[in-house]
Amino acid sequence: MFAIAHLRSLQAVELALRTGSLKAAADVLAITPAAVGQRIKTLEDYLGVDLVVRGRSGLRPTEALSQALPHLSRAFMELASASEALDFQRINEIHIASNSDWAELWLAPRLAAFKSAHPNILFCVNGEGDVPLRIGPADIVVSFGERVESEAHSALFRDFLIPISSPENTQRIGKIDTRNRLEGFPLLHLDFYKDDPDAPDWADWVALHGHRKSKPVHGIRFQRIAPGLEAVNSSAGLMICGLAMITDRVATGEVTMPFPDTGVWTRHVFQARFRQDAILRPQVRRFREWLEAEAETTRGELKRLAAPSQTKKGRKGRR
């Protein structure tokens with residue numbers, strides 16, 4: 001029961017030590033480094049001992065873990081081998097690991113159409129779906145970060161960041177005839193894009209565009225896009241957010257852009273990494289073709305939504 005209940009924590013410990021860092025382990029598991037650390041801490045709390053310490057050369061096992069680590073490493077190697085041997089029995093399954101926002105906001109609304117056209121292909125996305133989570137690496141890992149050029153990667157799209165609001169707040173802002181139209185409006189802070197070198201926070205945006213005298217440092221912070229959107233929709237404030245996840249909400253008017261000419265493109269991209277042996281399966285190749293076609297549609301929608309900002313930049317360049 002221990003191994004089953006704490007399998008993910010054991011996997012996090014083994015990967016973190018084998019790769020030398022929480023970030024490297026997180027890249028493999030398609031979760032955040034903080035989530036890897038939390039899995040390790042959960043196991044440490046259960047056992048009542050520390051398992052991992054940080055040294056000059058990276059992570060290393062504590063004395064309490066040292067004797068067990070070789071057994072743990074061999075166990076996961078055997079599990080990986082068993083998973084590979086059994087994969088041929090599950091050729092109609094596609095297992096995807098991704099950040100929660102991409103899966104919930106971008107993939108889920110589109111996946112039903114693919115499944116309707118291909119009812120024999122079964123999905124497991126972040127451990128949930130048509131089939132249960134299997135031991136071993138996912139077929140596809142979707143992440144947001146620096147673009148990687150390889151045959152195993154499909155770059156899906158950059159994102160376009162711009163202040164978004166509920167229709168009600170946009171109407172209120174439109175009625176304010178002053179240079180400081182955002183004064184008094186709550187500003188929501190989204191950390192999803194914070195590692196992107198081109199992504200502005202509210203301080204950057206206000207310094208460039210104005211509309212507010214007081215420092216825009218206060219307000220609720222969100223790690224994920226989805227709960228931030230809920231706050232925006234309830235008129236709790238404005239948020240600088242990428243439009244790639246919400247093009248449908250913008251199209252229906254559920255989400256509005258009170259300052260449509262102030263957006264910027266991210267440098268990082270959403271991209272899918274396909275496991276080398278998974279690409280050989282026709283089901284995965286078919287899904288990859290569909291995914292790239294859907295991503296192209298999203299790129300076109302983003303280009304249209306970004307047009308006012310690009311026009312403004314063009315006017316500035318001609319001065």
Side-chain angles (χ1 to χ4, degrees), residues 23 32-35 99-102 105 143-147 157-247 249-250 254-270 302 305-317 319:
K23 184 180 185 305
T32 65
N99 65 67
S100 300
D101 284 315
W102 183 86
L105 299 174
S143 60
F144 179 72
E146 295 182 8
R147 181 168 181 164
F157 40 76
R158 290 190 295 163
D159 214 338
F160 186 73
L161 304 181
I162 197 167
I164 61 171
S165 170
S166 66
E168 294 77 14
N169 271 340
T170 293
Q171 289 178 2
R172 295 188 186 105
I173 292 170
K175 295 177 181 178
I176 298 174
D177 186 19
T178 175
R179 294 177 61 185
N180 300 306
R181 299 166 72 191
L182 283 181
E183 201 66 53
F185 279 88
L187 302 180
L188 310 176
H189 303 269
L190 180 60
D191 290 336
F192 182 91
Y193 302 94
K194 65 183 178 62
D195 293 329
D196 189 298
D198 293 343
D201 58 17
W202 274 115
D204 299 325
W205 190 91
V206 169
L208 185 62
H209 302 287
H211 297 294
R212 188 181 179 101
K213 288 190 297 185
S214 57
K215 293 184 178 180
V217 294
H218 302 294
I220 304 173
R221 302 202 75 89
F222 295 93
Q223 298 293 322
R224 291 188 52 221
I225 299 172
L229 283 176
E230 293 180 8
V232 169
N233 289 337
S234 64
S235 295
L238 286 77
M239 182 172 72
I240 297 176
C241 182
L243 300 183
M245 303 294 104
I246 58 171
T247 54
R249 302 185 189 209
V250 174
E254 180 182 350
V255 173
T256 55
M257 297 177 288
F259 305 97
D261 59 354
T262 62
V264 297
W265 291 98
T266 61
R267 188 181 309 180
H268 289 174
V269 299
F270 286 92
L302 290 175
L305 293 171
S309 294
Q310 305 308 308
T311 300
K312 183 177 180 180
K313 289 180 181 178
R315 288 199 300 266
K316 286 184 176 180
R319 290 177 183 174

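One-based numbering along the sequence shown.
In this structure, CG on L161 lies 8.5 Å from CG on L190, to the nearest 0.5 angstrom. Summarising the geometry, atom CD1 belonging to I176 is positioned 10.0 Å from atom CD belonging to E183; distances are rounded to the nearest 0.5 Å. Between the CZ atom of R158 and the CG atom of D198 there is a distance of 8.5 Å, given to the nearest 0.5 Å. N233 CG to R249 CZ: the interatomic distance, rounded to the nearest 0.5 Å, is 6.0 Å. The distance from atom OG of S143 to atom NE2 of H268, rounded to the nearest 0.5 Å, is 10.5 Å. Atom NE2 of residue H189 and atom CE of residue M239 lie 11.5 Å apart, to the nearest 0.5 angstrom.
Atom CD of E146 is surrounded by 12 or fewer heavy atoms from other residues, nucleotides or ligands within 6.0 Å.
Panel note: side chain Y193, backbone G242; a donor-acceptor pair is recorded below 3.5 Å. No donor-acceptor pair under 3.5 Å is formed between the side chain of D159 and the backbone N or O of W265.
At a threshold of 4.5 Å between non-hydrogen side-chain atoms, the residues I164 and L238 do not count as touching. Side-chain contact check for I225 versus C241: some heavy-atom pair is nearer than 4.5 Å. Side-chain contact between F185 and R172: present, with at least one pair of heavy atoms (C-beta onward) separated by less than 4.5 Å. Using a 4.5 Å cut-off on side-chain heavy atoms (C-beta onward), I173 and F259 make contact. A heavy-atom distance below 4.5 Å is found between the side chains of R212 and L187. Using a 4.5 Å heavy-atom threshold, the side chains of V264 and F160 count as separate. Side-chain contact check for S165 versus T170: some heavy-atom pair is nearer than 4.5 Å. Side-chain atoms of D191 and R221, non-hydrogen and from C-beta on, do get closer than 4.5 Å to each other.
Ion pairing between a basic and an acidic side chain is recognised when a charged N comes within 4.0 Å of a carboxylate O; R267 and D196 show no such pairing.
Taking both residues in full, the closest heavy atoms of R181 and G174 are given as NH2-CA, 3.6 Å, listed atom of the first, atom of the second, then distance. Between A231 and F222, the shortest heavy-atom distance links the atoms CB-CZ, 3.7 Å. The minimum heavy-atom distance between S309 and G263, with the atom names listed, is OG-N, 2.8 Å. When every heavy atom of S235 is checked against every heavy atom of N169, the shortest pair comes out as O-ND2, 3.5 Å.
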What verdict does the side-chain contact (heavy atoms from CB on, under 4.5 Å) test give for L229 and L105, after you've listed the backbone C-alpha separation in whole Å, the side-chain angles of each residue and the deciding distance to 0.1 Å?
CA-CA 10 Å; L229 283 176; L105 299 174; 4.0 Å; yes
Decide ring-ring contact (aromatic ring centres under 6.0 Å, His included) for F144 and F192; before the verdict, give the C-alpha distance in whole Å, the side-chain angles of both, and the deciding distance to 0.1 Å.
CA-CA 9 Å; F144 179 72; F192 182 91; 5.7 Å; yes
side-chain contact (heavy atoms from CB on, under 4.5 Å) between L182 and W202, intermediate numbers included:
CA-CA 11 Å; L182 283 181; W202 274 115; 4.0 Å; yes
Might you work through the side-chain contact (heavy atoms from CB on, under 4.5 Å) test for L188 and V232, ending with a clear yes or no?
CA-CA 8 Å; L188 310 176; V232 169; 3.9 Å; yes
Checking T262 against I162 for the side-chain contact (heavy atoms from CB on, under 4.5 Å) test, could you report, in this order, the C-alpha distance in whole Å, the side-chain angles of both residues, the deciding distance, and whether it holds?
CA-CA 6 Å; T262 62; I162 197 167; 3.9 Å; yes
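Ring pair H209/W205 is tilted by interplanar angle, where 30° to 60° counts as tilted.
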